[in-house]
Amino acid sequence: MKQRGPGGDKPLSRRPGTGEGAARRSEPVPTKPKIDKASANDQALDSIIAADKRAALKLAPVSHETEVRLDRYIVLLREWQAKTNLVAPSTLPQLWTRHIADSLQLVDLAPTAKRWADLGSGGGFPGVVLACAMAGTPGASVHLVERIAKKAAFLREAIRVTTSPGVVHLTEIGDNVDRITGPVDCVTARALAPLHQLIGFAEPLMRQGAKALFLKGQDVEAELTEAAKYWNIQPQLHRSRTGDGWIVELALVERRG
């Protein structure tokens with residue numbers, strides 16, 4: 001017997017139940033876009049480094065040509081940093097102020113120097129930076145002495161990419177005299193060794209007329225006291241523009257005893 005609906009003789013419609021071929025379809029769940037955290041981090045670091053660059057170039061202004069070379073150098077350094085530890089990772093956001101400007105300030109302390117020797121160049125500070133700054137100077141050259149093969153390979157690539165007047169010597173730091181030919185106006189080092197050891201490395205070049213500019217930290221007084229046990233020195237100290245460090249300038253050194 002047919003059941004009548006409220007409007008007449010039409011049978012009441014039945015809702016399909018389980019197993020009747022008309023299962024209810026669930027609404028598709030929207031897919032959340034995947035966030036590339038590495039890419040986001042890189043973009044954030046790019047922004048921080050760009051702001052740091054503006055601050056650094058106020059501390060140590062350079063020509064447009066030098067700025068372009070330094071930009072190429074920073075790009076290369078960040079690429080290599082992923083596989084070779086060239087700088088402390090914590091200092092990447094301050095690449096320009098902590099490393100570039102810190103190196104560039106040496107140029108003002110030796111404005112007539114054309115031929116430089118950088119002992120223990122590592123990631124290129126100050127050697128590659130000096131080479132970039134010297135690129136437009138006729139007769140300029142920068143000798144970069146490095147004992148670690150991977151870092152020496154990076155330095156060679158940095159000199160090539162920036163088209164700067166640098167020569168890389170893969171050798172022990174104390175063997176620099178055997179590798180560096182011709183006169184040197186200024187010898188420098190950064191984060192390499194205690195001052196009394198640096199003087200020992202640089203002394204052969206200083207005997208030939210080079211002056212020394214060593215980038216040191218807050219404990220410079222203690223290092224000077226220790227160095228005075230081994231060397232007769234008359235240091236001139238310059239406060240760093242980029243932090244709490246110092247630059248030790250030495251014109252003449254003489255071994256005690």
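Quick note: numbers below take in every heavy atom, side chains included, and nothing from hydrogens, waters or symmetry partners.
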Could you tell me if the side chain of [Y] sits less than 4.5 Å from the side chain of [X], heavy atoms only?
X	Y	answer
Trp116	Leu106	yes
Gln197	Leu192	no
Phe201	Val187	no
Phe154	Thr84	no
Ile49	Arg78	yes

Could you please spell out the steps behind the salt bridge (charged side-chain N to carboxylate O under 4.0 Å, His left out) verdict for Asp52 and Arg98?
CA-CA 9 Å; Asp52 187 60; Arg98 184 156 180 175; over 6 Å; no
Run the side-chain donor-acceptor check on residues 245-257: report pairs under 3.5 Å with partners two or more places apart or on a different chain.
unit_1 : atom_1 : unit_2 : atom_2 : d
Glu249 : OE1    : His238 : NE2    : 2.6
Glu249 : OE2    : Lys211 : NZ     : 3.0
Glu254 : OE1    : Asn232 : ND2    : 3.4
Arg256 : NE     : Ala228 : O      : 2.6
Arg256 : NH1    : Asn232 : OD1    : 3.3
Arg256 : NH2    : Asn232 : OD1    : 3.3

Scan residues 213-224 for pairs that pass side chain to side chain donor-acceptor pair (under 3.5 Å), counting only residues two or more places apart or in two chains.
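Sorted pair list: Lys216-Glu223, Gln218-Asp244.
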Smallest separation among heavy atoms of [X] and [Y], with atom names:
X	Y	answer
Ala189	Leu198	CB-CD2, 3.8 Å
His196	Ala227	CB-CA, 3.7 Å
Val168	Ala152	CG1-O, 3.8 Å

Apply salt bridge (charged side-chain N to carboxylate O under 4.0 Å, His left out) to [X] and list each qualifying residue two or more places apart in sequence or on a separate chain.
X	result
Arg69	none
Arg72	none
Glu172	none
Lys83	none

Roughly how far, to the nearest 0.5 Å, is the [atom2] atom of [Y] from the [atom1] atom of [X]?
X	Y	atom1	atom2	result
Asp175	Ile180	CG	CD1	11.0 Å
Leu76	Leu155	CG	CG	10.0 Å
Thr242	Trp96	OG1	CH2	14.0 Å

Give a yes or no on whether [X] and [Y] share a hydrophobic cluster (residues Ile, Leu, Val, Met, Phe, Trp, Tyr; joining criterion: side-chain heavy atoms under 4.5 Å apart).
X	Y	answer
Leu170	Ile159	no
Val75	Leu95	no
Tyr73	Val161	yes
Leu45	Leu70	yes

Partners of Trp231 by ring pair (Phe, Tyr, Trp, His ring centres under 6.0 Å), sequence neighbours excluded?
none
What pairs of residues pass the salt bridge (charged side-chain N to carboxylate O under 4.0 Å, His left out) test when at least one of them lies in [range], not counting sequence neighbours?
range	value
residues 115-128	Arg115-Asp185
residues 120-133	none
residues 101-111	Asp102-Arg190, Asp108-Arg241

Measure from the side-chain N and O atoms of Ser164 to the backbone N and O of Gly166, and report whether any donor-acceptor pair falls under 3.5 Å.
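No: the side chain of Ser164 does not pair with the backbone of Gly166.
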Hey, can you pull the donor-acceptor pairs under 3.5 Å for the side chains in residues 125-151, sequence neighbours left out?
unit_1 : atom_1 : unit_2 : atom_2 : d
His143 : ND1    : His169 : NE2    : 2.9
Glu146 : OE1    : Gly122 : N      : 2.7
Glu146 : OE2    : Ile148 : N      : 3.0

Please set out all donor-acceptor pairs under 3.5 angstrom arising from side-chain atoms of residues 55-64, sequence neighbours excluded.
unit_1 : atom_1 : unit_2 : atom_2 : d
Ser63  : OG     : Thr66  : N      : 3.2
Ser63  : OG     : Thr66  : OG1    : 3.1

